[in-house]
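Down below is the structure, laid out as structure tokens.
The basis for the numbers below is simple: all heavy atoms, side chains too, and nothing from hydrogens, waters or symmetry mates.
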Amino acid sequence: MKKNMGTLDKSIRIIIAIAIALLYYFNVISGTLAYVLMAVAIIFLLTSFISFCPLYTLLGINTCKLKK
């Protein structure tokens, strides 16, 4: 797996995942919506930590700075 996520993308995904977790913790979201959003949050965290997004590969997106 070749890295295809830049620092800004990773930061945004982590912030969104934390926001979703807080919404769930404070009971702002519940039920099926909460489970779907928590799954999205977990996916965001995992892809942020490994710096690879499979969807970016399918769409041909690469936001990672290339080392010269």
Side-chain angles (χ1 to χ4, degrees):
M1 292 185 304
K2 194 174 184 183
K3 292 182 179 183
N4 64 0
M5 287 180 60
T7 307
L8 180 62
D9 288 345
K10 291 190 288 188
S11 300
I12 291 171
R13 286 173 182 241
I14 290 171
I15 290 169
I16 291 172
I18 291 170
I20 291 170
L22 288 173
L23 289 173
Y24 180 74
Y25 180 76
F26 290 114
N27 292 323
V28 175
I29 56 174
S30 61
T32 306
L33 175 64
Y35 292 124
V36 170
L37 288 178
M38 287 301 285
V40 169
I42 291 169
I43 292 169
F44 276 5
L45 285 176
L46 289 175
T47 57
S48 294
F49 289 131
I50 62 174
S51 299
F52 177 77
C53 179
L55 187 58
Y56 278 11
T57 303
L58 292 174
L59 298 175
I61 300 171
N62 186 350
T63 60
C64 185
K65 301 276 184 188
L66 298 176
K67 294 180 182 179
K68 293 183 180 182

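If you take CG on Leu23 and CG on Leu37, they are separated by 8.0 Å, rounding to the nearest 0.5 Å. Atom NZ of residue Lys10 and atom SG of residue Cys53 lie 12.5 Å apart, to the nearest 0.5 angstrom. Here the straight-line distance linking atom OG1 of Thr57 with atom CE of Met1 works out to 9.5 Å at 0.5 Å rounding. Rounded to the nearest 0.5 angstrom, Thr47 OG1 and Ile42 CD1 are separated by 12.0 Å. Atoms CD1 and CZ, on Ile12 and Phe44 in that order, are 10.0 Å from each other to the nearest 0.5 Å. With values rounded to the nearest 0.5 angstrom, Ile29 atom CD1 is found 7.5 Å from Met38 atom CE.
Asn4 is not listed as a side-chain neighbour of Thr63, based on a closest heavy-atom distance of 4.5 Å or more. Taking 4.5 Å as the limit, every side-chain heavy atom of Leu45 sits out of range of all side-chain heavy atoms of Arg13. In this structure, the side chains of Tyr56 and Asp9 come closer than 4.5 Å at one or more pairs of heavy atoms.
Cluster annotation: Leu33 and Ile16 are assigned to the same hydrophobic cluster (Ile/Leu/Val/Met/Phe/Trp/Tyr, side-chain heavy-atom contacts under 4.5 Å, transitive). The hydrophobic clustering, which links ILVMFWY residues whose side-chain heavy atoms are closer than 4.5 Å, places Ile50 and Ile61 apart. In the hydrophobic cluster analysis, where Ile, Leu, Val, Met, Phe, Trp and Tyr join through side-chain heavy atoms closer than 4.5 angstrom, Leu55 is grouped together with Met5. No continuous path of ILVMFWY side-chain contacts below 4.5 Å connects Leu59 to Leu8, so the two sit in separate hydrophobic clusters. The same ILVMFWY cluster, assembled from side-chain heavy atoms under 4.5 Å apart, contains both Tyr25 and Ile14.
Other residues, nucleotides and ligands place no more than 12 heavy atoms under 6.0 Å from the OH atom of Tyr24.
Heavy atoms only, all atoms of each residue included: Ala41 and Ala17 are closest at O-CB, 3.6 Å.
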